[in-house]
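Residue numbering restarts at 1 for every chain, and letters A, B, ... go by the order of the sequence lines. Only heavy atoms go into these numbers, but all of them, side chains included; no hydrogens, no water, no symmetry mates.
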Amino acid sequence: MRCGGERPTRCSPDDRRPRYDQRVTSPPETRVSPHTSADAPHVNPDVPSIAALASVIGGVAAIAAVASFVDTTSMGMALPAQVTLLTAIPLLAMVGVQVLTDRQAPRALASLCGLVAVGGTWVAVFTIARLLDLPLSPLLLWPPVCVGIAVALSYGFVWLASTSVLGATVAVASISFVAAGAPWTTVFQRWEPLLMTAVAWLVLSQRLAPLGPTWVLMVRRTALALVMVALLVLSGLEGTSLLPYAPTTTLLLYQAMAVLGLTGLALWQRRLGDRAGLRLVGAAFVIFLVGRYVDWRTAVVPAWAFFLLVALASAWMARRAARVHGRPR
Amino acid sequence: MSQLIVAALTFLLAVVSLLGTAAWNRTDGRTLILTERELPVVVTRGNVRGADAAVSLRFRVQFRSAPDESRMWLSDATLRQIGFALGVPAGAPDAAQFYLRSLPRQVWVAFEMDGDAFAPMARQLALGGMPATRGGGWDGLEPSRLVPVDASLSRDHLQARWRERPVLVIPAVIAMRYEQHPTRGPSVWGQITTVGQSTVQVPQRIRQTMDRAGWLAEAPVTSQQTPAAPRPPRYDVVLGVGRLGAVWVDDVRPHQPTR
């Protein structure tokens, strides 16, 4: 039996043992399929996580090498040669992915090549636009996002799809600012459109079942991470909101929303049985609490009362969860 | 192989679109002559010099950002026309929050080259003062003569209005500013925060010309020069402005003084 393209000698019985995520989200027949991930250590049990990590680090380093090479070496060339070079690098990397897949090489290597293909596309599109003196626009985000999704879906590279979902979120969120006549980079200063788009991804992730459970998990966790980052920024930093209220009022509104939203997300993740998602929400909650401890702003509720309330609520939830499962967590 | 083709075609389509957009932008170009004062050289790779260096020219403009200077070209009517809400008086209690919360606007701005708007600055310069130039610190050059004179949501509108004058119409970002001055009281005005295209690439053939002429190297400092005596420009830049408002370097030649 082959393990998703990994060499047969690397497949131990432990590697094939289905993990929690797959137990709760996928039927056994989908565990090793063309659409399972090659580069997601939490999702695919078939690739050792060290190989996945090495492929990500190698891919990022290779992209940096490409960008640096183009920046320093190609400037002595004429524009056609520069454009040809910039176009050739991602295309060669794409061919590399195909060749490695055909030869059934370790999928971590193919994943590295895929990362270079997509990263090279980002570098190429933005560098060519700069060389041609075209203004930076959010439209430039779409080609690398589409290439990333195409490569990821074709070869099952989940991390690549995850970065493309991030890029697509920024591209979609920036539309609202462009439509309002504001520069698209305002998307990083006012976070509501990013939050809304991430929530839309969360809802959409439930509709991606035909692509396979791995993709549902990937989109959901990426969107989850985005929603939590947006909530943390909006509830912790002044001047990051579009709401027409005083800064303190806006912060308090978002702090209340963060408590409710994070609790809701935690309950949702628990119902779905996604333990990694639950940990993600837990981490966000801890960051939120640390932020409130450092920067307590409301006089309505004293800080000690708030934190005591959170502690009691957590204790109640822990007790209830232990009772439901019949053992302490 | 069919899996590869989708991604490759998407990428190739994007590259062709970029090339097509750049070509279409340049089909209806106007040109304007600027100097080293307005477009000094930026060598992006510090240790690489000469024809192989990554060379671009950086826009250096007068921002006219002080409240009284700004109101001379960005009146309340212009600010309303480009989409800012000015309904709250500057003295109102919530004015600071209202104006600091307003989103910046991406608009077209007309910059006049060495025109009437620069004349007061030239007089100030003659008296020994130096008008504030944004876009870099002291670089030894004379102040830029590219001065903002008008703003609008329509590029055609600006070009029609300033047809007879040497103006450069390019995108820029304008934001509202609010200040509570201890003696003059509260004040609200508009201000350019960024020029849309902050640098222009220098094509290879022009890069070689500039290298041969010694314009890529730092200008030699003469014994008469002090920081208070800025040096004159060494070259003129023929700048093309296309349909999309994207600019490009058409030519670079030795500076011909006009004043």
Side-chain angles (χ1 to χ4, degrees), chain A residues 71-79 81-83 86-87 90-91 94-95 97-98 101-102 117-118 120-121 124-125 128-136 139-140 142-144 146-151 153-155 177-178 180-186 189-190 239 241-247, chain B residues 1-15 17-19 21-23 25-26 44-45 47-48 50-56 82-83 94 97-98 100-101 103-107 153 170-171 173 193-194 196-197 199-201 203-205 207-208 240 242 244-249:
Chain A
D71 222 20
T72 52
T73 311
S74 75
M75 290 306 167
M77 300 177 184
L79 184 67
Q82 286 174 318
V83 173
L86 284 163
T87 311
L91 288 178
M94 284 179 210
V95 172
V97 177
Q98 183 67 37
T101 308
D102 288 346
V118 177
T121 306
V125 167
I128 291 173
R130 181 168 57 87
L131 290 172
L132 294 171
D133 288 317
L134 293 174
L136 290 184
L139 290 175
L140 294 178
W142 284 110
C146 293
V147 168
I149 289 173
V151 171
L153 280 178
S154 301
Y155 300 98
F177 289 108
V178 173
W184 72 273
T185 45
T186 314
Q189 293 156 17
R190 310 292 174 99
S241 167
L242 289 165
L243 293 183
Y245 307 121
Chain B
M1 189 55 79
S2 60
Q3 296 168 330
L4 179 72
I5 286 173
V6 177
L9 278 182
T10 308
F11 173 55
L12 286 174
L13 189 67
V15 172
S17 304
L18 287 173
L19 291 170
T21 306
N25 175 56
R26 295 182 187 194
T44 51
R45 289 284 161 181
N47 54 356
V48 182
D52 285 340
V55 177
S56 54
I82 60 179
D94 55 347
Q97 271 174 30
F98 181 81
L100 294 177
R101 204 172 46 227
L103 288 177
R105 314 284 299 183
Q106 175 120 32
V107 298
L153 292 175
I170 52 174
V173 176
T193 56
T194 47
Q197 196 175 342
T199 57
V200 199
Q201 299 298 312
Q204 190 199 26
R205 64 180 170 83
R207 200 156 53 221
Q208 286 165 348
L244 294 169
V247 299
W248 69 93
V249 176

Practice prompt. Could you check which of A/Pro143, A/Pro90, A/Cys146 has the highest count of heavy-atom pairs closer than 4.5 Å to chain B?
Written response: A/Pro90
Item to complete: Could you look at B/Pro104 and say if it's the side chain, the backbone, both or neither that has a heavy atom under 4.5 Å from chain A?
Response: both
Worksheet item: chain A heavy atoms under 4.5 Å from B/Ser17: which part of the residue, side chain, backbone, both or neither?
Response: neither
Worksheet entry | Test item: A/Asp133 and B/Val249 side chains (from C-beta on) under 4.5 Å apart, heavy atoms | no
Worksheet item: Can you tell me how far CD of A/Gln189 sits from CG of B/Leu103, rounded to the nearest 0.5 angstrom?
Response: 9.0 Å
Worksheet entry | Part of A/Val95 lying under 4.5 Å from any heavy atom of chain B | both
Practice prompt. Starting at CG of A/Leu134, measure out to CD of B/Gln197 and round the result to the nearest 0.5 Å.
Written response: 8.0 Å
Worksheet item: Any idea which heavy atoms bring A/Thr121 and B/Phe11 closest together, and the distance?
Response: CG2-CD1, 3.5 Å
Worksheet item: So which of B/Thr194, B/Val200, B/Val107 has the largest heavy-atom pair count under 4.5 angstrom toward chain A?
Response: B/Val200
Discussion item. Given heavy-atom pairs under 4.5 angstrom as the criterion, report whether the side chain, backbone, both or neither of A/Pro144 touches chain B.
Written reply: neither
Practice prompt. Specify the closest pair of heavy atoms between A/Val147 and B/Ala7, including all atoms of both residues, with the distance to one decimal.
Written response: CG2-O, 3.6 Å
Worksheet item: Side chain, backbone, both or neither: which part of A/Tyr245 has a non-hydrogen atom closer than 4.5 Å to chain B?
Response: backbone
Worksheet item: For B/Leu12 and A/Leu91, what are the C-alpha separation, side-chain angles and deciding distance, and is it a side-chain contact (heavy atoms from CB on, under 4.5 Å)?
Response: CA-CA 9 Å; B/Leu12 286 174; A/Leu91 288 178; 3.8 Å; yes
Item to complete: Could you look at B/Leu153 and say if it's the side chain, the backbone, both or neither that has a heavy atom under 4.5 Å from chain A?
Response: neither
Discussion item. Using 0.5 Å steps for rounding, measure from the OG1 atom of A/Thr185 to the CD atom of B/Gln106.
Written reply: 8.0 Å
Worksheet item: To the nearest 0.5 Å, how far apart are CZ in B/Arg205 and CG in A/Leu79?
Response: 11.5 Å
Discussion item. Tell me whether B/Arg101 contacts the main-chain N or O of A/Ala246 through its side chain, where contact means a donor paired with an acceptor under 3.5 Å.
Written reply: no
Worksheet entry | chain B contact via A/Leu243 - side chain, backbone, both or neither, heavy atoms under 4.5 Å | backbone
Fill in: Contact origin within B/Val173 toward chain A - heavy atom pairs under 4.5 Å
side chain
Response to the item:
Looking only at heavy atoms, the pair that brings A/Arg130 and B/Gln201 closest together is O-CG, 3.1 Å
Worksheet item: What's the spacing between B/Ile5 CD1 and A/Gln98 CD if we round to 0.5 Å?
Response: 9.0 Å
Discussion item. Restricting to non-hydrogen atoms, name the atom on B/Leu18 and the atom on A/Val125 that form the minimum distance, rounded to 0.1 Å.
Written reply: CD1-O, 3.7 Å
